[in-house]
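For reference, the structure discussed in these notes is given below.
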Number of protein chains: 2
Amino acid sequence: MPTARERVRAEITAEITEAARRQLAEVGAAALSLRAVAREVGMASSAVYRYFPSRDDLLTRLIIDGYDAVGAAAEAADDPTAAPEQRWSAVCAAVRDWARANPHEYALLYGSPVPGYAAPRDTVPAASRVGVVLGRILGDAARAGLLTGDGGREPGLLGDAAVEILGQDGPGIDDAVRVRALVAYCALFGTVGFELFGQLVGSVEDADRFFARATAELAQLVGIGPAGVRTG
Amino acid sequence: MPTARERVRAEITAEITEAARRQLAEVGAAALSLRAVAREVGMASSAVYRYFPSRDDLLTRLIIDGYDAVGAAAEAADDPTAAPEQRWSAVCAAVRDWARANPHEYALLYGSPVPGYAAPRDTVPAASRVGVVLGRILGDAARAGLLTGDGGREPGLLGDAAVEILGQDGPGIDDAVRVRALVAYCALFGTVGFELFGQLVGSVEDADRFFARATAELAQLVGIGPAGVRTG
DNA sequence: TCTCGAACGAGAGCACCGCTCTCGCCGGAT
DNA sequence: ATCCGGCGAGAGCGGTGCTCTCGTTCGAGA
């Protein structure tokens with residue numbers, strides 16, 4: 001049971017992170033100022049250091065929360081009873097919607113690493129939640145017999161995380177499928193990022209339609225397209 | 001003919017940008033300090049403002065130069081006499097190599113927008129050079145009869161830039177092809193960025209092999225795979 | 001050739017930043 | 001009741017982007 005002191009400490013910590021999240025949404029990570037956060041919560045800037053050892057630690061907290069938020073959005077968008085392609089597109093759309101609603105937070109997560117590059121390992125589990133959702137869709141499709149992988153591994157190509165997230169060795173899944181899934185994963189965030197950061201201005205007019213088409217193409221790439229067929 | 005004054009001004013401007021580029025490569029865009037640049041070139045910080053109105057303008061200069069550098073690398077890697085798939089993979093590899101050699105510069109170009117989001121339109125032509133190279137490969141493949149598009153447009157979906165870069169209406173190219181090309185374009189930079197920013201740590205062991213596989217998949221996606229075939 | 005004005009470099013200064021240190025204070029555990 | 005450890009505030013350090021002012025210098029036009 002937490003003591004009263006621990007409780008108030010947790011409360012103030014939450015208050016600080018909440019103010020920091022507002023700052024982040026307003027001005028972006030680069031301009032997020034610990035002093036401004038302190039002002040917003042009505043403390044001296046030095047007092048904030050009782051709760052976060054440095055500005056980067058505060059950002060790390062926001063990063064983890066951000067990964068959890070986009071991961072939760074992806075999980076909420078997945079309807080396990082739907083067809084794999086619909087599930088895939090729905091999850092992709094949820095990621096994009098979250099990104100458009102929280103552009104600065106998305107940039108913090110998937111854009112350039114912020115400080116002298118230090119992504120602590122605390123962020124890894126939270127960061128993989130979207131991948132886990134997409135991997136589960138793929139696994140369900142494999143169990144339903146939609147995928148044609150032969151279970152083969154290509155030694156030294158992929159890491160354990162990919163195998164764990166994208167389905168254990170089993171019918172329908174092999175490293176070729178996993179590679180395509182990873183490419184689609186990269187393509188999803190590449191597309192969202194390019195749209196968000198203005199890299200597609202002039203080339204895409206109807207971003208909604210384009211993104212729907214893109215996710216459909218990616219679904220086909222990973223082998224859960226409408227007909228479930230694919231040339232090898 | 002430039003006057004002597006203009007010449008020395010151009011020289012000093014180049015000296016400043018060169019120092020800034022070194023700073024950028026060392027510490028990244030977020031930590032790039034105009035005062036440090038001034039120290040490196042031996043001026044007072046205020047004197048630098050004679051040449052660049054603000055730190056962001058200095059960054060904009062670096063952004064344009066960066067786009068030109070990666071664009072030049074892509075152009076140099078394209079051998080118009082090779083097969084489309086080989087050309088595609090070579091250009092993608094050149095982009096990745098440039099990114100790995102200049103990670104901070106790549107992050108500045110394709111990562112989060114730096115300041116209060118202001119990408120001047122000066123950057124657009126330089127930014128499109130890689131896309132132009134890839135589009136030329138696609139156009140050549142279309143002229144060689146490898147693509148199966150029917151020239152159709154889907155009104156309101158894509159912008160003029162996409163049509164111009166990815167090939168005018170003609171045999172083999174239609175908006176469906178262009179969509180796939182744009183997806184592959186996003187996937188290329190998404191993959192490179194994810195590798196560079198550590199988002200694939202744990203999932204990919206042999207990044208070289210994975211990237212080669214990824215570009216091959218993307219070549220197939222745009223329709224210039226080994227056999228030139230594709231299910232529609 | 002001389003002159004005058006524009007461009008230039010330097011310095012001081014403003015407001016802000018991250019971070020540290022010290023100093024009182026207050027409340028809960030002993 | 002008494003410590004003492006966590007806490008908040010303030011001052012301060014070195015750094016930042018940017019502005020203003022003040023001499024100087026250099027070159028184009030008379």
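Please read these numbers as outputs of a predicted model, since none were measured by experiment.
A distance-only check finds a donor-acceptor pair linking the side chain of A/Ser112 to the backbone of B/Ala107 [under 3.5 Å]. In this structure, the side chain of B/Arg55 engages the main chain of B/Leu32 through a donor-acceptor pair within 3.5 Å.
One interatomic measurement links the two molecules: CZ of A/Phe52 to P of C/dG18, which rounds to 14 Å at whole-angstrom precision. Atom C1' of nucleotide D/dT16 and atom CG of B/Leu59 are separated by 14 Å, given to the nearest angstrom. Between B/Arg35 atom CZ and D/dT19 atom P there is a gap of 13 Å when expressed in whole angstrom units. Taking atom CD of B/Glu6 as the reference point, atom P of C/dC8 lies 10 Å away to the nearest angstrom. One atom, CZ of A/Arg55, and another, P of C/dT20, lie 14 Å apart when rounded to the nearest Å. If you take CG of A/Leu32 and C1' of D/dT16, they are 17 Å apart, rounded to a whole angstrom. The OH atom of B/Tyr49 sits 17 Å away from the P atom of D/dT21 (whole-angstrom rounding).
For a distance-only test at 3.5 Å, the side chain of A/Arg50 fails to qualify as a donor-acceptor partner of the base of D/dG6. In terms of polar N and O atoms assigned as donor or acceptor, the side chain of A/Arg5 never comes within less than 3.5 Å of the base of C/dG27 in a complementary pairing.
Between B/Arg180 and the choices B/Leu182, B/Val183, B/Val177, the side chain to side chain contact (heavy atoms under 4.5 Å, CB included) rule is met once, by B/Val177. For the ring-ring contact (aromatic ring centres under 6.0 Å, His included) with B/Tyr110, the lone residue among B/Tyr185, B/Phe189, B/Trp98 that qualifies is B/Phe189.
If you check every strand for non-hydrogen atoms under 4.0 Å, A/Ser46 touches a base. A/Leu58 comes within 4.0 angstrom of no nucleic acid atom, judged by non-hydrogen atoms across all strands.
Comparing B/Ser54 and A/Ile12 by the nucleotide of DNA chain D that holds the closest heavy atom to each, the one mapping nearer the 5' end is A/Ile12. Heavy-atom nearest nucleotides on DNA chain C were determined for B/Met43 and for A/Arg39, and the one closer to the 5' end corresponds to B/Met43.
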Does the side chain to side chain donor-acceptor pair (under 3.5 Å) test come out yes or no for A/Asp57 and A/Thr60, once each step is laid out?
CA-CA 5 Å; A/Asp57 290 86; A/Thr60 300; 5.4 Å; no
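Minimum atom distance to the side chain of A/Ser33 is reached by C/dG18, of the listed C/dG18, C/dG9, D/dA9. For A/Thr3, the listed nucleotide lying nearest its side chain is C/dA29; candidates were C/dC19, C/dA29, C/dG9.
When the side-chain nitrogen and oxygen atoms of A/Arg9 are compared with OP1 and OP2 of D/dC7, one or more of them lie within a distance under 4.0 Å. At the phosphate of C/dG9, OP1 or OP2 sits under 4.0 Å from a side-chain N or O atom of B/Tyr51.
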